[in-house]
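Everything numeric in this text was worked out from a predicted model, so none of it was measured.
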Amino acid sequence: MNHADAADTVASQSSAASPPPAEAFRQHEKRTGYRWVVMGLIFCIWAVACADRANFGIALPYMKKEYGISNTEAGLIVSLFSFAYGFVQIPVGLMYKRLSEKTTGFLFSVFMLLTSLFTGLMGTTSSVLLLQAYRVGLGLSEGPLGIGCTNVINRWFPPEEKGTATGLWIAASKLGPLIVPTVCIIVIELWGWREIFYVFAVPGVFLAILWMFLVTNSPTGNRFCNDAERRYISQELPPSAAAGARPQAGAQVSAMPWLDAINRTRRVPRLETLRQVFTSWNIIGVAIGYGCMIGISNIFMSWIPTYLVTVKGFASVKMGFLASAPFIGAVAGNMLGGIISDRLLGGRRKPMMMLGALGTVVMMLLLIEAPDSVLYLGITLMASGLMLGIGFAGYSAYPMGLATKSTYPTAFGIVNSLGQIGGACAPLAVGLLLDSYSWTSVFLYMVGTALLCLALLLSVVEPITVTKPGEQA
């Protein structure tokens with residue numbers, strides 16, 4: 001301590017109006033930024049987990065040839081993952097509410113290890129039945145990871161950063177599929193399609209071990225996060241900082257009457273009980289809309305590589321580049337949507353979600369009877385990913401503005417469960433359509449589901465849950 005600091009300490013002790021030295025130090029302690037380290041691990045884990053599900057789409061043409069699989073059978077195998085993933089969402093949401101933070105943190109690592117195990121087993125298959133069984137196992141193992149990630153984000157970030165953090169998490173879900181085509185093509189050229197699954201199984205094991213040692217389910221008790229950061233996350237700011245604090249999630253930074261009229265912005269009470277969560281149309285409507293958009297994302301992930309090879313006749317290198325294009329756009333869209341929602345729209349989630357649905361309609365229409373041009377398809381697929389991704393962060397952040405921290409895992413479990421089950425129907429529907437019609441019907445199917453999503457979003461409210469002075473919470 002220098003002389004000036006010592007003098008300040010003496011002065012503070014002699015003044016009755018000043019806080020004790022320990023309290024003064026606590027108030028002015030520089031906060032750590034460990035929440036962003038946690039976010040970095042979440043980003044890597046979720047990118048790897050989503051790559052584990054996406055690599056199946058690249059291997060699918062080789063599997064169809066080796067096993068003589070029809071389009072409908074291929075669509076069913078793809079959909080089995082999402083059905084299993086969606087099936088566990090609500091039970092896992094209830095589990096996260098009941099179990100201790102230490103237990104749920106440990107289980108997160110266990111589920112990551114199981115995800116890697118079933119990914120590796122995909123390479124050992126010798127029959128269609130085993131393919132189906134391992135896809136179900138992958139869905140059941142990966143299902144709890146999504147809720148785990150969002151639960152940690154909800155506990156580790158203050159309201160004004162949740163949209164940005166959620167946008168990064170969703171961006172990771174597109175980064176995984178973005179790197180998949182390139183890595184898979186290299187692996188196939190060197191070894192074969194089975195080795196794809198062995199290569200992708202390894203990173204998850206390493207990340208699961210890191211998570212066990214570095215992350216707790218909340219900042220409380222984490223040795224790398226200091227008191228100043230914990231107060232910032234929980235919004236327990238000292239008086240000097242409170243005056244300049246940013247608004248809570250759902251608070252309006254500036255009045256936007258025209259947008260709020262379209263948005264159906266309403267002041268609503270928090271969903272504090274499970275009954276309120278399960279009966280909330282706002283939660284259910286968003287969940288079904290989420291299913292529509294996940295379905296389109298699943299089609300891009302699982303069927304676009306086949307479309308590029310069988311319909312457009314592109315070789316593996318061009319196919320790999322074009323199959324990555326939607327996810328390049330989606331990564332940008334996910335991060336952009338979260339930042340705009342937080343910083344420019346004052347925590348409003350619906351505008352980016354509605355823009356994403358409307359933009360997806362336009363892009364799917366442009367893909368009908370698209371020319372065999374790498375440039376046209378590359379730009380259109382990238383723009384499709386941008387529109388698809390720009391609203392995705394909102395579907396995860398939206399329940400944060402409605403539910404309490406206790407009921408949020410269940411609320412997100414409902415959104416993710418209905419979303420994944422709805423999304424699971426899409427790859428199977430594509431297989432049925434392709435066995436009877438053409439790819440035009442597939443793109444029109446995606447137009448219809450995006451329009452349904454837009455209609456559902458118009459039916460729910462934009463919640464404001466912050467209490468004004470003098471009002472009851």
Side-chain angles (χ1 to χ4, degrees), residues 48-89 91-92 110-146 176-177 180-181 183-184 187-188 191-202 204-205 291 294-295 297-307 309-310 323 416-417 420-436 442:
V48 169
C50 291
D52 288 344
R53 73 174 81 161
N55 52 29
F56 187 85
I58 304 299
L60 184 57
Y62 302 93
M63 291 179 173
K64 287 180 65 179
K65 184 178 179 180
E66 182 167 330
Y67 295 114
I69 302 173
S70 68
N71 288 319
T72 300
E73 289 173 327
L76 175 61
I77 295 171
V78 173
S79 293
L80 282 173
F81 166 86
S82 294
F83 279 122
Y85 187 102
F87 176 78
V88 300
Q89 294 303 300
V92 169
V110 171
F111 287 124
M112 188 67 210
L113 290 171
L114 289 173
T115 297
S116 295
L117 172 64
F118 281 104
T119 298
L121 287 173
M122 292 291 295
T124 68
T125 53
S126 57
S127 68
V128 174
L129 180 61
L130 282 175
L131 279 175
Q132 294 172 339
Y134 293 150
R135 285 293 287 182
V136 170
L138 183 64
L140 294 175
S141 301
E142 192 176 316
L145 294 180
V180 160
V183 175
C184 286
V187 172
I188 289 171
W191 299 297
W193 68 263
R194 292 180 183 276
E195 283 72 16
I196 288 173
F197 301 104
Y198 304 148
V199 169
F200 278 91
V202 174
V205 177
I294 287 181
S297 179
N298 286 347
I299 292 170
F300 272 81
M301 195 180 300
S302 57
W303 279 108
I304 288 298
T306 301
Y307 164 75
V309 171
T310 60
N416 216 17
S417 179
Q420 293 296 334
I421 291 172
C425 297
L428 178 57
V430 169
L432 293 168
L433 288 170
L434 290 178
D435 279 340
S436 301
V442 174

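With contacts defined as side-chain heavy-atom distances shorter than 4.5 Å, the pair P305/V309 does not qualify. A 4.5 Å side-chain heavy-atom check between N55 and T119 finds at least one atom pair inside the cut-off. Considering only heavy atoms from C-beta on, L76 stays 4.5 Å or farther from T72 through its side chain. Put simply, the side chain of R194 reaches to within 4.5 Å of the side chain of E66, judged on heavy atoms. Side-chain contact between P427 and W303 is present, with at least one heavy-atom pair separated by less than 4.5 Å. Using a 4.5 Å heavy-atom cutoff, the side chains of L121 and F197 are not in contact. Using a 4.5 Å cut-off on side-chain heavy atoms (C-beta onward), F83 and V136 make no contact. Residues Y85 and S417 are not in side-chain contact: their nearest non-hydrogen atoms beyond the backbone lie 4.5 Å or more apart.
Judged as a side-chain hydrogen bond (donor to acceptor under 3.5 Å, both in side chains), the pairs with a partner in residues 135-144 (not counting sequence neighbours) are, in order, R53-E142.
Contacts of N298 classified as side chain to side chain donor-acceptor pair (under 3.5 Å), with partners at least two apart in sequence or in another chain: S82.
Of the inter-residue distances, the one linking M301 atom CE with F81 atom CZ reads 8.0 Å to the nearest 0.5 angstrom. To the nearest 0.5 Å, atoms CG (L428) and CD1 (I77) are separated by 11.0 Å. Separating the OG atom in S126 from the CG atom in L130 is a distance of 5.0 Å, to the nearest 0.5 Å. We find the CG-OH distance between L80 and Y134 to be 14.5 Å, quoted to the nearest 0.5 Å. Going from atom CD1 of I58 over to atom CD1 of I196 covers 7.5 Å, rounded to the nearest 0.5 Å. Summarising the geometry, atom CE belonging to M122 is positioned 4.5 Å from atom CE belonging to M63; distances are rounded to the nearest 0.5 Å.
The heavy-atom pair separating G423 from I294 by the smallest distance is CA-CG2, 3.9 Å. When every heavy atom of E73 is checked against every heavy atom of G68, the shortest pair comes out as OE1-O, 4.1 Å. Here the closest heavy-atom approach between residue L145 and residue A49 is recorded as CD1-CB, 4.1 Å. The two residues L60 and S302 have their closest heavy-atom pair at CD2-O, 3.8 Å. For V88 against P91, the heavy-atom pair with the smallest separation is O-CD, 3.4 Å. For the residue pair G204 and V48, the shortest heavy atom distance occurs at N-CG1, 3.9 Å.
Exactly one residue among T310, T306, D435 makes a side chain to side chain donor-acceptor pair (under 3.5 Å) with N71. That residue is D435.
Although no hydrogens or angles enter the test, the distance criterion places no donor-acceptor pair under 3.5 Å between the side chain of T125 and the main chain of L131.
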Could you go step by step and tell me if L140 and F118 meet the side chain to side chain contact (heavy atoms under 4.5 Å, CB included) rule? CA-CA 10 Å; L140 294 175; F118 281 104; over 6 Å; no

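Between W193 and Y67, the ring planes lie perpendicular to each other; the angle is over 60°, past the 30° to 60° tilted range.
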